[in-house]
Structure formats: C-alpha cells, structure tokens
Amino acid sequence: MKIIIINGPNLNLLGKREPEVYGNMTFDIFYDQLKEKYPNISLSYFQSNIEGELIDKIQEVGFTYDGIILNAAAYTHTSVGIGDAVKAISTPVIEVHISNTFSRETFRHQSFISPNAKGIIIGFGLKSYELAVQSFL
C-alpha cells in the first residue's frame, strides 16, 4: 500500500510554530515514528509553502497511490485550485488538520477540500495523521 502525506504552508515549522496550538514535536520526528509503526505501508511525505507545488504533487500521485493524507493548512480555506485537484483525481484523499478548525477563527470553518475528500479528521494533534493512515487499512 502506497500512501503519501502532503502538507501545506507553514507546517514545516511544526515544533516551533505556536506550540500551544500545534504541539512541540517536529513533523520529521513524528513522520519517522509513523513509518516505524506501519512498516508494511510505503509512506512518503511532501511539504510545500507554494500552492502550485501542492497541486502538482496531488496530480502526480493522484492516479497511482492508494491514499493521500492532505493537510493543505491555510490553503484549505482559500484554494479552489487545490479543491479542484482533489476532485480531479481517483486516489482517495483524507483531509487532516492538527487543530480543531471549528474552534478557531470563522474563516477556518470553510474548506474547499472537504466536498471531495473521502473523510475529514480534525483536532487530534499529530494523531490526526495516524487516524488517517488507519482509515486506509
């Protein structure tokens, strides 16, 4: 099984950025732990702060992978293009958010990804990614 985690803007700062919201573990450390916990899954990871690069990666893997775990971060609430990319592919996408977006600013309550995602997992910290992996098993 091939699953990719795709993270959007500012998620490269996990462990440093607003630890009261996002925790203090870096994504690299968490990702290594996740790979160890699921050795039978071919897990890969991509992060970009650039909307077009996220769309390119979704299109690149969207017909050959078994699953995409997508945290588009702030682009979730603004990017019609990322939403359209998710709609255009055949690989199922789980939308993930570390924080509970509904307990935050009102603009974070809108998602252009959700209507075309297989499912949504929000508010469980980095555990949200593991729950998404488990949803593909």
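The residues of the chain are indexed from 1 along the displayed sequence. All values below were derived from every heavy atom in this structure, side-chain atoms included, with hydrogens, water molecules and symmetry-related copies excluded.
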Can you tell me which residue pairs pass the side-chain hydrogen bond (donor to acceptor under 3.5 Å, both in side chains) test with a partner in residues 88-98, sequence neighbours excluded?
->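 Counting only pairs at least two positions apart or across chains, the side-chain hydrogen bond (donor to acceptor under 3.5 Å, both in side chains) contacts touching residues 88-98 are Glu95-His97, Glu95-Ser111, Glu95-Ser114.
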If a pair satisfies side-chain hydrogen bond (donor to acceptor under 3.5 Å, both in side chains) and one of its residues is in residues 60-75, list it, with sequence neighbours excluded.
->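 Qualifying pairs: Lys57-Glu60, Asn71-Tyr129.
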Once you round to the nearest 0.5 Å, how far does [atom1] of [X] lie from [atom2] of [Y]?
X: Ile98; Y: Phe27; atom1: CD1; atom2: CZ; result: 7.5 Å
X: Leu137; Y: Ile3; atom1: CG; atom2: CD1; result: 6.5 Å
X: Ile113; Y: Leu70; atom1: CD1; atom2: CG; result: 4.5 Å
X: Ile94; Y: Ile5; atom1: CD1; atom2: CD1; result: 12.0 Å
X: Asp84; Y: Gln59; atom1: CG; atom2: CD; result: 10.0 Å

Give the cluster check for [X] versus [Y]: same hydrophobic cluster or not, with ILVMFWY residues linked at side-chain heavy-atom distances below 4.5 Å.
X: Ile89; Y: Ile120; value: no
X: Met1; Y: Val133; value: yes
X: Met25; Y: Phe124; value: yes
X: Phe136; Y: Leu43; value: yes
X: Ile121; Y: Val93; value: no

Do [X] and [Y] touch side chain to side chain, with heavy atoms closer than 4.5 Å?
X: Pro9; Y: Leu54; answer: yes
X: Val96; Y: Leu131; answer: no
X: Ile82; Y: Glu51; answer: yes
X: Ile6; Y: Ile68; answer: yes
X: Thr76; Y: Thr101; answer: no

Listed by chain and number, what are the side chain to side chain donor-acceptor pair (under 3.5 Å) partners of Asn49, not counting sequence neighbours?
->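 Per chain and number, Asn49 pairs via side chain to side chain donor-acceptor pair (under 3.5 Å) with Gln47.
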Which residues pass the side chain to side chain donor-acceptor pair (under 3.5 Å) test with Ser128, sequence neighbours left out?
->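 Side chain to side chain donor-acceptor pair (under 3.5 Å) list for Ser128, sorted by chain: empty.
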Who pairs with Ala85 by side-chain contact (heavy atoms from CB on, under 4.5 Å), at least two apart in sequence or on another chain?
->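 Ile55, Ile58.
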If you link I, L, V, M, F, W and Y whenever their side-chain heavy atoms are under 4.5 Å apart, who else ends up in the same group as Phe112?
->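 When side chains under 4.5 Å apart are linked, the cluster holding Phe112 also contains Val80.
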Is Ile50 isolated, or which residues cluster with it under the ILVMFWY side-chain rule of less than 4.5 Å, directly or via members?
->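 Result for Ile50 is none, singleton.
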Under the rule for salt bridge (Lys or Arg N to Asp or Glu O under 4.0 Å), what residues qualify as partners of [X], not counting sequence neighbours?
X: Glu130; value: Lys37, Lys127
X: Asp32; value: Lys35
X: Lys87; value: none

Enclosure of Phe46 CZ (heavy-atom neighbours >12, cutoff 6.0 Å) =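 Yes - once you tally the heavy atoms of other residues, nucleotides and ligands closer than 6.0 Å, there are more than 12.
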Write out all pairs satisfying salt bridge (Lys or Arg N to Asp or Glu O under 4.0 Å) with one or both partners inside residues 7-16, taking only residues at least two apart or from two chains.
->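 Counting only pairs at least two positions apart or across chains, no salt bridge (Lys or Arg N to Asp or Glu O under 4.0 Å) contact touches residues 7-16.
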Results of ring-ring contact (aromatic ring centres under 6.0 Å, His included) for Tyr31 - residues two or more places apart only =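 Tyr31 satisfies ring-ring contact (aromatic ring centres under 6.0 Å, His included) with Tyr45 only.
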Least distance between heavy atoms, Ser135 atom then Ala132 atom =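 Taking every non-hydrogen atom into account, OG-O, 2.6 Å.
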